[in-house]
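This report refers to the structure that appears directly beneath it.
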Amino acid sequence: MRTGIVLFCFFIPTIAKGCCGKKQQQRILTDQPFHHYKAVEGEVFVMPCDPSEKSPVKRAGAGDGKACGEEFVAKDAGENRSFTGSNSTLQVIAKTSLRCFEPEESSVMLLAHIEGLVPCPGHACYNNTGVVWYKKNRLVSIARESCVEDGELHLCTVYREDTGVFYCDRRITEQGVAWVFRRAVHVKVIPFTEANSPPVVKYPAANMTEEVELGQPHNLSCEVDFDFEVNISRKVEWFMNYGGDLDNMTLLDTERHEEVFFSDIKVTQTYTIKEVTPQHLKHAYTCLASNTVGNNNVTIKLKEKEQGKWRSLVGYPFGCFLLVVSLGIILHVKWVELQLIFRSRFQFGKDDEEKEFDVFVSYVWTGPSAEAVKCLAISPKPYSDAGEMQSREEPIEMRLTRVLEDQWGYRVCLLERDILPGGAYTNDVVLTINRSRMLICVLSAKYFASSNAVFVLESGVKALLQNSALKMLLIWTRGTSASFIQPEPPLPKLVQRALKVLPSLQWSTDAPSTAARSFWISLQKAMPADRARPASRVQ
Ligand SMILES: *[C@@H]1O[C@H](CO)[C@@H](O)[C@H](O)[C@H]1NC(C)=O
Ligand SMILES: *[C@@H]1O[C@H](CO)[C@@H](O)[C@H](O)[C@H]1NC(C)=O
Ligand SMILES: *[C@@H]1O[C@H](CO)[C@@H](O)[C@H](O)[C@H]1NC(C)=O
Ligand SMILES: *[C@@H]1O[C@H](CO)[C@@H](O)[C@H](O)[C@H]1NC(C)=O
Ligand SMILES: *[C@@H]1O[C@H](CO)[C@@H](O)[C@H](O)[C@H]1NC(C)=O
Ligand SMILES: *[C@@H]1O[C@H](CO)[C@@H](O)[C@H](O)[C@H]1NC(C)=O
Ligand SMILES: *[C@@H]1O[C@H](CO)[C@@H](O)[C@H](O)[C@H]1NC(C)=O
Ligand SMILES: *[C@@H]1O[C@H](CO)[C@@H](O)[C@H](O)[C@H]1NC(C)=O
Ligand SMILES: *[C@@H]1O[C@H](CO)[C@@H](O)[C@H](O)[C@H]1NC(C)=O
């Protein structure tokens, strides 16, 4: 409050006696070059460049390398110094040798948007006629709407950009030598002298809960916006409330970080917990921000971050990235399998398309000679109730065809029976698969040993991958199974992968009759349903 009064005393008279608005005669400063400058030790100085030297060239070995036009702090009283780009020399004088020295004269605060006054230091003890003002290398009288009265610079309107160092030059003569005595004034433009509003806590939000990890360090940060003020009253503090009790607070040791803008200041006050313990979770934490206008506070609690590797993995971008990559790899590696599983389980595509055959059965004959089997097959009552013994002897390849064809009424295709000889084998297979709704492969060691048979299987898998209307079923016989077949030569990769995922049934010659019965029931379920005639008895 007191500064307010002081500053006002300062500003109002300047407005009253201001020269702004009056038409002022500006003395044009002569081109007469001055060769001797004086500056005060500890003050900022800039040596004007000679007008003749357009671009100051740095001359090698010129003192400590100062060039004209560069601002620096004058030091080493008593030395005469020369500058690159100027014929003038500088003599630095000690503060103590000044006639009068008031430290507060070296800086001034000006309120923005109104008239401002900058006195030249030493106003009281030097002749103030003919004072000339510069800002860096520019004459203020040329650059700005301004005037000089009794050596004091009047800026008719102060702008934010006026912040910086101003120089006032006095001409003095000592023992017949003409000097320019240059003094510096730091000008700071401010929006107002006092804060108008209480602080605003930007973070954390009131009653928030922050997640922490036990055993890890954690920073409690409080971000507060303050109004600018000349005398600093702003304060941000963190308190710990024992057991969440707001009446039992302890001040915490914190670190402060400030970001200063023209009319506001952002303060971040951080309390660092070196290692979070369960004790920390019991307390509440209050951030209290205050200035001369008022105060604000927020209280927060800590809670343990949900654990679990999965969650924490997903929580971090890297974890997410890993997850996506590994999913991608799995998908890539298992893509064929996934496709086969999907396509073989879910019928889609145009099933209504008219096909010549319902089932294409592919097998390699493993039983006794065909004739012997034929006799066996023709023998009466192959599936009668008493046929257990017979059916066990009849090879599955033959029996399967007969059940499908004769009992269930499917149109079965066997390569050697239904395809006219003379065509190229591969061509026949591909065409036959295309003409069938379903492919059944009866697998055995001999089957895998036959390249022709494996070709049928492979073509079936390819067709399945391309055309989902095809159904496929594998029947494992004689102890073969996907897990331990290792035929020579090895099967194509595609077939190996397909064997593991395609729908399959297990046939065992010496299985008990219940197992055989369930085999036939499963088979019937796996068959295309619509084409079957009302089934005669199964087994
Ligand atoms: C700032 O503080 C000083 C010294 O305590 C006081 O004289 C002055 O009036 C204050 N200024 C403002 C703007 O409050
Ligand atoms: C600096 O220059 C002034 C003026 O030319 C001269 O009087 C003075 O002796 C010089 N000082 C030094 C230390 O050379
Ligand atoms: C600076 O000094 C050099 C040589 O001493 C001279 O040639 C030049 O004209 C001078 N420049 C000025 C602006 O006095
Ligand atoms: C100040 O200097 C001017 C010339 O620069 C002179 O006319 C005037 O008399 C001086 N004033 C005093 C008080 O010495
Ligand atoms: C925070 O909680 C306190 C009491 O638990 C309640 O009085 C206050 O209104 C809450 N503040 C907000 C912003 O929810
Ligand atoms: C906490 O803040 C300090 C600086 O105040 C920083 O060095 C440290 O890395 C921060 N720790 C965490 C966990 O963010
Ligand atoms: C505040 O809490 C501390 C720690 O629990 C306890 O020792 C102290 O007595 C409490 N003070 C008050 C005033 O409740
Ligand atoms: C925090 O603010 C509330 C009002 O928002 C006030 O009642 C309470 O006293 C303040 N706490 C402190 C410690 O200043
Ligand atoms: C399979 O048959 C369809 C007609 O049913 C035909 O359009 C297609 O070209 C055939 N594909 C092959 C490979 O023969």
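For ligands, and for the atoms within them, numbers begin at 1 and follow the listed sequence. These numbers were taken from a predicted model, which means no experiment stands behind them. Heads up: numbering here begins at 1 and tracks the sequence.
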If you look only at pairs with a residue in residues 227-244, which of them pass as a salt bridge (charged side-chain N to carboxylate O under 4.0 Å, His left out), with sequence neighbours excluded? Glu229-Arg234, Arg234-Glu258
Cation-aromatic face contact Lys66/Phe72, 6.0 Å, 45 degrees: yes
Are Thr173 and Trp179 packed together at the side-chain level, in the sense that at least one heavy-atom pair is separated by less than 4.5 angstrom? no
Would you check if the distance from the ring center of Phe181 to the ring center of Tyr126 is below 6.0 Å? yes
Quick one: does ligand 8 sit under 4.0 Å from the side chain of Leu288, the backbone, both or neither, non-hydrogen atoms only? side chain
According to the salt bridge (charged side-chain N to carboxylate O under 4.0 Å, His left out) rule, which pairs have a member within residues 174-193, sequence neighbours left out? Lys38-Glu174, Glu43-Arg183, Asp169-Arg182
Below 4.0 Å from ligand 8: does a non-hydrogen atom of Thr286 turn up there or not? no
Answer yes when Glu213 and Lys305 have at least one side-chain N-carboxylate O distance shorter than 4.0 Å, and no when they do not. yes
Is the closest N or O pair between Asn297 and ligand 8 shorter than 3.5 Å? yes
Looking only at the side chains, is there a donor atom on one of Thr286 and Asn241 sitting less than 3.5 Å from an acceptor on the other? yes
Using heavy atoms and a cut-off under 4.0 Å, could you grab the residues that are in contact with ligand 5, chain by chain, numbers ascending? Ala206, Asn207
Salt bridge (charged side-chain N to carboxylate O under 4.0 Å, His left out) contacts touching residues 329-341 (sequence neighbours left out): Glu337-Arg497
Under 4.0 Å to a heavy atom of Met249 - the qualifying atoms of ligand 8, by number: 13 (C)
